[in-house]
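Excluded from the calculations below are hydrogen atoms, water molecules and symmetry mates; all remaining heavy atoms, backbone and side chain alike, are included. The structure displayed is predicted, hence computed values, not measured ones.
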Amino acid sequence: EETGGLRLIQLVVRLLLQSRRGRREIDGHRVRYARGSRQRPLDAVDSGFIRRHLIGGVEQREIVIAEYDPAWPRRYEALARAVRDALGGTLLRIEHVGSTSVPGLAAKPIIDILAVVPDSADEDSYVPRLVAAGYALRVREPDFFEHRMLRTAARDVHLHVYSPAAAEIDRVIAFRGRLRGSAEDR
């Protein structure tokens, strides 16, 4: 529905603007960037920043929005099992996040997964095992909670990796909860 999509865009813009001021509130939970994090304003992102963080360079891709697919949660479960098998005890938490985790929401048909490991900056402790499981490191953001993003060769899965103290984990989960719980915001 076009108005639902517009509401979602408005909510995302509102949340982004609030996060630029260093705080955000979702469902009564106040979420803010951790003291000392070096969050970059959206307008400060330049080509040098992209070159330092994006592995493999900028790609030209068509953005496709698909109707909600009830197979997405089952696909996530299979992917989560494979990540659990690859990482074993190194994996502290795994969650289905992003648009495909919200029933009824049209989305890019890319499964977003949030994974928490003891130290996401210690790539040697988990990246080789994920590479063996079919993922490739695509994004390295040391200034944003040591975020790493790996993806499949088919580009249909984004695996976002954080350390336990990353405030972004709570923000992503709260945003997912908000969209799941509020048809008006979808």
Side-chain angles (χ1 to χ4, degrees), residues 26 31 33-34 37-40 49-180:
I26 301 174
V31 186
Y33 283 88
S37 72
R38 292 180 284 167
Q39 176 196 8
R40 293 177 58 95
F49 177 82
I50 291 170
R51 280 194 306 277
R52 287 188 305 277
H53 295 84
L54 189 62
I55 299 163
V58 177
E59 301 168 338
Q60 296 298 317
R61 294 189 60 193
E62 180 182 28
I63 296 173
V64 175
I65 304 296
E67 290 300 318
Y68 178 77
D69 185 342
W72 288 338
R74 288 187 302 279
R75 173 108 167 96
Y76 160 75
E77 287 300 333
L79 293 162
R81 270 191 303 279
V83 170
R84 282 187 199 100
D85 290 347
L87 295 182
T90 303
L91 182 67
L92 304 176
R93 180 178 183 181
I94 191 163
E95 298 277 349
H96 186 190
V97 297
S99 300
T100 62
S101 71
V102 180
L105 184 65
K108 293 184 293 182
I110 298 172
I111 305 294
D112 283 292
I113 300 172
L114 183 144
V116 180
V117 299
D119 181 2
S120 57
D122 181 10
E123 294 177 11
D124 290 341
S125 70
Y126 66 94
V127 170
R129 290 185 274 166
L130 290 172
V131 168
Y135 289 87
L137 183 60
R138 176 70 174 141
V139 174
R140 179 182 292 122
E141 293 184 287
D143 295 340
F144 185 71
F145 306 109
E146 291 292 349
H147 170 246
R148 304 298 189 265
M149 192 275 284
L150 297 93
R151 70 177 182 192
T152 57
R155 300 179 184 172
D156 60 347
V157 179
H158 289 170
L159 178 59
H160 302 272
V161 182
Y162 292 97
S163 298
E168 186 66 5
I169 296 167
D170 291 336
R171 274 194 291 281
V172 168
I173 299 300
F175 187 65
R176 178 191 69 188
R178 171 69 177 248
L179 291 177
R180 283 179 173 175

Looking only at heavy atoms, which two atoms of [X] and [Y] are closest? And how far apart?
X	Y	value
Asp119	Ser125	O-OG, 4.3 Å
Arg180	Ser101	NE-O, 2.8 Å
Pro164	Leu92	CG-CD1, 3.6 Å
Ala86	Leu130	CB-CD2, 4.5 Å
Arg148	Ala121	NH2-CA, 3.6 Å
Tyr126	Ser120	OH-O, 2.6 Å

- Please lay out, stage by stage, how Arg129 and Leu91 fare under the test side-chain contact (heavy atoms from CB on, under 4.5 Å). CA-CA 11 Å; Arg129 290 185 274 166; Leu91 182 67; over 6 Å; no
Are side-chain heavy atoms of [X] and [Y] found at a separation under 4.5 Å?
X	Y	answer
Thr100	Ile110	no
Ile65	Lys108	yes
Leu137	Val131	no
Pro109	Asp156	no
Val127	Arg140	no
Tyr135	Val83	yes

- Partner of Leu159 under side chain to side chain contact (heavy atoms under 4.5 Å, CB included), chosen from Ile111, Leu79, Ile113, Leu114: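 Of Ile111, Leu79, Ile113, Leu114, side chain to side chain contact (heavy atoms under 4.5 Å, CB included) with Leu159 is met by Ile113 alone.
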- Worked check of side-chain contact (heavy atoms from CB on, under 4.5 Å) between Glu95 and Val172: CA-CA 10 Å; Glu95 298 277 349; Val172 168; over 6 Å; no
- Message: Please report the interatomic distance CZ(Arg176) to CG(Leu105), rounded to the nearest 0.5 Å.
- Response: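 Answer for the CZ-CG pair, Arg176 versus Leu105, is 13.5 Å.
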- Test Ile94 against Tyr76 for side-chain contact (heavy atoms from CB on, under 4.5 Å), laying out the working first. CA-CA 10 Å; Ile94 191 163; Tyr76 160 75; 3.8 Å; yes
- Item | Partner set under ring-ring contact (aromatic ring centres under 6.0 Å, His included) for His147, not counting sequence neighbours |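 Applying ring-ring contact (aromatic ring centres under 6.0 Å, His included) to His147 gives His160, Tyr162.
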- Item | Ion pair Asp69/Arg75, N-O distance below 4.0 Å |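 The answer is no: the pair does not qualify as a salt bridge.
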- Message: If the threshold is 4.0 Å, N to carboxylate O, is there a salt bridge linking Glu168 and Arg171?
- Response: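 Counted as a salt bridge, because a side-chain N and a carboxylate O are separated by less than 4.0 Å.
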- Backbone N or O of Leu150 within a donor-acceptor pair of the Arg138 side chain at under 3.5 Å?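 Answer holds: no.
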